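All values below come from the heavy atoms of this structure, side chains included, with hydrogens, waters and symmetry mates left out. Lettering follows sequence order; numbering is per chain, from 1. Keep in mind the model is a prediction, meaning the values are calculated, not measured.
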Amino acid sequence: MNAVPRDDARPGLLLVEDTPSIQMLYRTVLTKAGYPPVCASSGTEALAKFNEHRPGIVLLDLMLPDLDGLTVMAQMLAVAPETRVIVITANGSVNKAVEATRKGAYDFLVKPLGDVRLVSAVASARADSLAAAKQARGSSGQDPETTAGNFVALSDQMRAVRTVIEAVARSKAPVFIHGASGTGKRTAAEAIHRLSPRARRPIVSFKCASLEGHALEAALFGTGPLVTAEQSEQGDCAIQRAEGGSILLRSPEALAAEHQARLLAMINSATLPLSPSRSLPVDVRILCASSRDPHDAMRSGLLSEELFYRLFVFPLSLPPLHARIADIPVLAEQFLPEIAQQEGKHFNAITPEARSLLQRHTWAGNLHELRNVLRQAVV
Amino acid sequence: MVSTILDEAALGALLAIGGESLRAQLLEDLQTCEDDLTEICSTNSIAAPGSPKRLRQALHKLRGLALTIGAPHLAESCAAAEAAALTSPTDAHLPRVAQISADSRDLRARISQFPKETT
């Protein structure tokens, strides 16, 4: 295969759709939006055009007449892993789309597909592609340890977690972080955001269990009777504040059914309805964190099945502190100066005996308990 | 019957984007799906060599079209038949496939008659 030089300032678009009328529709919408695609109607034609044009973005229907869409995607990513592949599937085949995302798809779209959602997905992939190219040009040789911020990963378990974080950071797909209280879910989410092309935009943390009813609707979606027209205009809800960046939904299973449905509709349409006549395009990456097993939450009916499959694209499970004892001294030394400063003391190091003691404890309360113990020692 | 569940607003929005050429292509694509389904039914054997794959592809394509056009009930029928054909490709599905083909014809008629002025 010959590598074709690509102008990264103009990542081209390949549309792979075998139904002529649907291809015509998508092509028309994308062309009007300024993203004229090269089109293919089969897997074989798609691979040939991919090699000929080397587009930065591929819109790929997973059900093709000659080849399986996942095979086509794998072949494209093997040649050009920086390609943003957005897979398209029919409603009811979301599992396959989730599988595609796990295998490297950037995003997935579910038919029926609104024109806003289609254009928004391509625009987002394009912006991401350009940002990644810029980052690659400007930061080669960057140390992941540094770019992941405070994320400590000396233990094998956390090295594995960090590998997942680095792998999923580039994608736009949701990540569902699961772990007991105090295992560092928020830190992991922040590391994903920091390593992503969205790092320059905000990450907004939202505790879904802290509010309910109209108060939650106002805080998360910016709508409802508690929101004035002026507030709505200013766009001061969590989703709007996270525009271009990421939103961390903490305990999303705590959302009421109606709010879960609204969140699902927002994800599907990539728009945020602020009133019956006004919707805003939304470009926010969703990260979730919960101490409750998301499968259990779905099975018990707390989390709707459809929303579960949209949020549980990349699962990330965090080990308890006692399973990562190699990290404990480093974590303690990271926390100690901060706690000492808060308490007006001077502690900068931990003796070998104290380290050994810390590594033998079971830490049922994980990082919360470690911080408490250090604070007690400092005081 | 699909006539009661066609989302005319969705169809109108599509035709506003793609105009008469899109309408013509939609009609042709539906016709192709129907032809495939009719042929499979006329051989009277879903289990014949090559038929299961063809059937699933025709149903899947029709499902995608129905979802796009705004005929969710037809899409659901296709999804159910597709799943059934995948798990047990037997001739017991023939009446269901014939009904889907008839529903698609009905949908095609409605698209043909859909007023141009609203597009």
Side-chain angles (χ1 to χ4, degrees), chain A residues 15-37 39 41-43 59-70 87-97 108-119 265 268-269 271 276-277 279 306, chain B residues 5-7 9-34 36 50 53-86 104 107-108 111 119:
Chain A
L15 167 63
V16 189
E17 168 62 62
D18 65 313
T19 307
S21 52
I22 297 180
Q23 186 189 101
M24 179 190 282
L25 174 66
Y26 293 168
R27 191 181 63 223
T28 305
V29 168
L30 291 165
T31 302
K32 280 181 183 170
Y35 307 110
C39 297
S41 302
S42 68
L59 270 167
L60 175 65
D61 189 359
L62 283 180
M63 187 86 166
L64 296 169
D66 54 344
L67 295 173
D68 179 60
L70 291 179
V87 300
I88 304 173
T89 189
N91 192 10
S93 309
V94 172
N95 285 353
K96 198 167 180 192
F108 67 86
L109 303 172
V110 180
K111 291 175 185 173
L113 193 51
D115 50 350
V116 173
R117 178 76 178 102
L118 179 64
V119 171
N268 285 338
S269 66
T271 58
S277 59
S279 289
E306 216 173 341
Chain B
I5 46 82
L6 174 62
D7 181 348
L11 178 60
L14 283 190
L15 297 181
I17 293 169
E20 287 309 304
S21 54
L22 179 62
R23 185 200 303 253
Q25 192 61 61
L26 285 169
L27 294 172
E28 190 180 328
D29 289 349
L30 286 170
Q31 177 77 64
T32 304
C33 292
E34 286 162 34
D36 283 349
K53 188 180 174 192
R54 265 188 75 197
L55 175 64
R56 286 201 309 274
Q57 285 184 336
L59 288 168
H60 190 84
K61 188 175 278 195
L62 186 52
R63 171 154 70 118
L65 276 167
L67 283 168
T68 304
I69 291 164
H73 189 247
L74 177 58
E76 282 169 22
S77 300
C78 291
E82 200 183 329
L86 188 66
S104 175
L107 177 62
R108 199 154 42 86
I111 294 171
T119 69

Item to check | Straight-line distance of A/Thr19 OG1 to B/Asp29 CG, nearest 0.5 Å | outcome: 6.0 Å
Checklist entry - Among B/Arg63, B/His60, B/Lys61, whose side-chain contact (heavy atoms from CB on, under 4.5 Å) with A/Met63 holds? => result B/His60
Checklist entry - Between atom CD1 of B/Ile69 and atom CD1 of A/Ile22, what is the distance when rounded to the nearest 0.5 Å? => result 7.5 Å
Item to check | For A/Lys111 against B/Gly64, the heavy-atom pair lying closest together | outcome: CD-CA, 4.2 Å
Checklist entry - Between the side chain of B/Gln57 and the main-chain N/O of A/Pro65, is any donor-acceptor distance below 3.5 Å? => result yes
Item to check | Toward chain B, the part of A/Asp115 with a non-hydrogen atom under 4.5 Å | outcome: side chain
Item to check | Interface moiety of A/Leu113 toward chain B, non-hydrogen atoms closer than 4.5 Å | outcome: neither
Next on the checklist: Given heavy-atom pairs under 4.5 angstrom as the criterion, report whether the side chain, backbone, both or neither of A/Ile88 touches chain B.
Outcome noted: neither
Next on the checklist: Any non-hydrogen side-chain atom of A/Met24 less than 4.5 Å from a side-chain atom of B/Ser21?
Outcome noted: yes
Checklist entry - For A/Ser21 and B/Leu22, which heavy atoms make the closest approach, and how far apart are they? => result O-CD1, 3.3 Å
